There are 2 protein chains.
Amino acid sequence: MTTSKKAAAPRQSMVDEVYPTSVEGLDLEERLGYALRRAQLKVFKYFDEAMREYDVRPALFSALVVIEGYPGVTQSSLAQTLGIDPPRVVNLVHSLEERGLAMRVRCKRDRRSHGIFLTKSGETLTGHLKGLAEQSDLAATQALSEIERRQLLTLLRKVYASEETG
Amino acid sequence: MTTSKKAAAPRQSMVDEVYPTSVEGLDLEERLGYALRRAQLKVFKYFDEAMREYDVRPALFSALVVIEGYPGVTQSSLAQTLGIDPPRVVNLVHSLEERGLAMRVRCKRDRRSHGIFLTKSGETLTGHLKGLAEQSDLAATQALSEIERRQLLTLLRKVYASEETG
DNA sequence: TATTGTTATACTCTATAACTATA
DNA sequence: TATAGTTATAGAGTATAACAATA
C-alpha cells in the first residue's frame, strides 16, 4: 500500500495550478450536512435581504411568531421552543421591548416568571414580516416546483422532529 | 382600530403562565429557513459527535474532501469552492499543515499561488472520516427511508445549485 | 494596476458560569 | 434547595480592511 498507489504529495517543490470551481463529482455532494448548510445559506441570504429594511434577524423573527402563537409565553418556554439558551432569550426579548414590539408581564402565580406579549405594533409587524418571509422563501427556491417545495419541507420536518432526548 | 379588536397586551399587571412546548401549528412550521436550520442543527450534532475523537469540524472536513478530489487546488479556488472567505482558508490550511494532513507547494507558473496536497496520512484520515460522516448522516436521518434521504439530497442540491451571480 | 495569500480586526452567534429574586 | 431570569464572559464562525509578494 505504500508504493503502488500514486502519491498525493507532489514530487517537485513547485507545481502547476489546479483551479476547480465546483464540488460536482466530489463525495461532498453526497453529504447531507454540506447540502443543508449550502441550502440554508442561500435561504437565509434571501431572508436577510427581505428583512434588512426592518433589521430583523432569523432568531428575532422566530421569537415574534412564537409569541404571536402563544401570547404570554414565558422566557424559559420560549428558549425551549426555539431551541436556544435562556441568555439569548433575554437579549431577544430586551430588543423586542426596546423596539416597542413586545412587553414582559410578571406572572401572578409565579412571580419569578415573565409572560411575553406582542404589542399592537408588534402584532402588525409580525403579520407583515410573515408575508415577506413567505415571499423570500419562494424567491430562494425558484428552482423548485410547488410540490417539490412541500416535499422538502415535509422531509426536513421529519428529520428535525425526531429529536428524542439527545 | 383601538377598541374593537382583542388587545394582545394584557389588561392586568400580572398574568397566568403560558408554557408551549412545540412549534406545532405555528406559521414557523411553514418556514423553510426554520426547517433548514433545525434539520442542520441535528445533522451537525451527529456529525460533531462522530468527529469529536478527531477534533474535525465541518469546514475542515469539507476542505479535506475538496483537496482529495482536486490535488493541488489553490487556496483561492478552495475558498470559492467551499463558499468561504480567503482568510478562513488560511487558518484552515494552516491547521491542516500543523496536523500533518496537508502541505502547501508554491506553483511554478504563478509563484503567488500555493497548491494544496494531502499527505499520505491526510489521505488515510480523509478516507476514514468520509465513512464516519456517511454513518452519522444515516444516524441523524433515521426517520427517513433510503428513498426519502436521496429525495432530500436532490432537493437541497436543486436549491443551492441555482446560486447564479447573487 | 491587479491578484494571492496573509494579518489584524471586529462583529455576530452561541455556550457557560455565576449571580438575584423568588419559590 | 431549586428555578426564572439576568449578567458577564468567552469561544466559535464569519466578514472586512489593509498589507506584502508577485504578476
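Just so it is clear: chains get the letters A, B, ... in the order the sequence lines come, proteins before strands, and each one is counted from 1. Quantities reported herein were computed from a predicted structural model and do not represent experimental measurements.
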Checklist entry - Over how many whole Å does the gap from Q75(A) atom CD to dT7(D) atom P extend? => result 10 Å
Next on the checklist: Please confirm whether the shortest side-chain N or O distance from S76(A) to OP1 or OP2 of dG5(D) is below 4.0 Å.
Outcome noted: yes
Item to check | Distance in Å, T81(B) OG1 paired with I67(B) CD1, rounded so as to fall on 0.5 Å steps | outcome: 10.5 Å
Item to check | Whole-Å distance separating the CG atom of D110(B) from the P atom of dA21(D) | outcome: 16 Å
Item to check | Pair R157(B) + E30(A): basic N to acidic O under 4.0 Å | outcome: yes
Checklist entry - Out of dG5(C), dT22(D), dT22(C), which nucleotide sits closest to the side chain of R106(A)? => result dT22(C)
Checklist entry - Contacts to DNA chain D from residues 85-95 of chain B, heavy-atom cutoff under 4.0 Å, which residues? => result D85(B), P87(B), R88(B)
Item to check | Side-chain N or O of T74(A) closer than 4.0 Å to phosphate OP1/OP2 of dA4(D) | outcome: no
Donor-acceptor pairs under 3.5 Å, side chain of residues 92-105 of chain A to any protein atom, not counting sequence neighbours: which ones?
residue: E97(A); atom: OE1; partner: R104(A); partner atom: NE; Å: 3.3
residue: E97(A); atom: OE1; partner: R104(A); partner atom: NH2; Å: 3.3
residue: E97(A); atom: OE2; partner: R104(A); partner atom: N; Å: 2.7
residue: R99(A); atom: NH1; partner: D55(A); partner atom: O; Å: 3.2
residue: R99(A); atom: NH2; partner: Y54(A); partner atom: O; Å: 2.7
residue: R99(A); atom: NH2; partner: D55(A); partner atom: O; Å: 3.2
residue: R104(A); atom: NH1; partner: Q75(A); partner atom: OE1; Å: 3.1

Checklist entry - Considering residues, nucleotides and ligands other than E148(A), do more than 12 of their heavy atoms fall under 6.0 Å from its CD? => result yes
Checklist outcome for this item: In whole angstroms, the gap separating P of dT12(C) from CD1 of I84(A) amounts to 17 Å
Checklist entry - Can K158(B) and T141(A) be said to form a side chain to side chain donor-acceptor pair (under 3.5 Å), step by step? => result CA-CA 8 Å; K158(B) 251 188 169 173; T141(A) 56; over 6 Å; no
Item to check | Lys/Arg-Asp/Glu bridge criterion (N-O < 4.0 Å) met for R149(B), E146(B) | outcome: yes
Next on the checklist: Looking at dT6(D), I'd like to know if its phosphate oxygens (OP1 or OP2) sit under 4.0 Å from a side-chain N or O belonging to R112(A).
Outcome noted: no
Checklist entry - Expressed in angstrom and rounded to an integer, what is the separation of L78(B) atom CG from dT4(C) atom C1'? => result 13 Å
Item to check | Atom-to-atom span, CZ of R109(B) to P of dA21(D) - whole angstrom | outcome: 25 Å
Item to check | Spatial distance of atom OG1 (T74(B)) from atom CD (Q80(B)) [nearest 0.5 Å] | outcome: 9.0 Å
Item to check | Distance in angstrom units between Q80(A) CD and dA4(D) P, rounded | outcome: 10 Å
Item to check | Whole-Å gap separating C1' (dT14(C)) and CG (L82(A)) | outcome: 14 Å
Item to check | Whole-Å distance separating the CZ atom of R57(A) from the P atom of dT14(D) | outcome: 16 Å
Next on the checklist: With a cut-off of less than 4.0 Å, is there a side-chain N or O of R104(A) near OP1 or OP2 of dT6(D)?
Outcome noted: yes
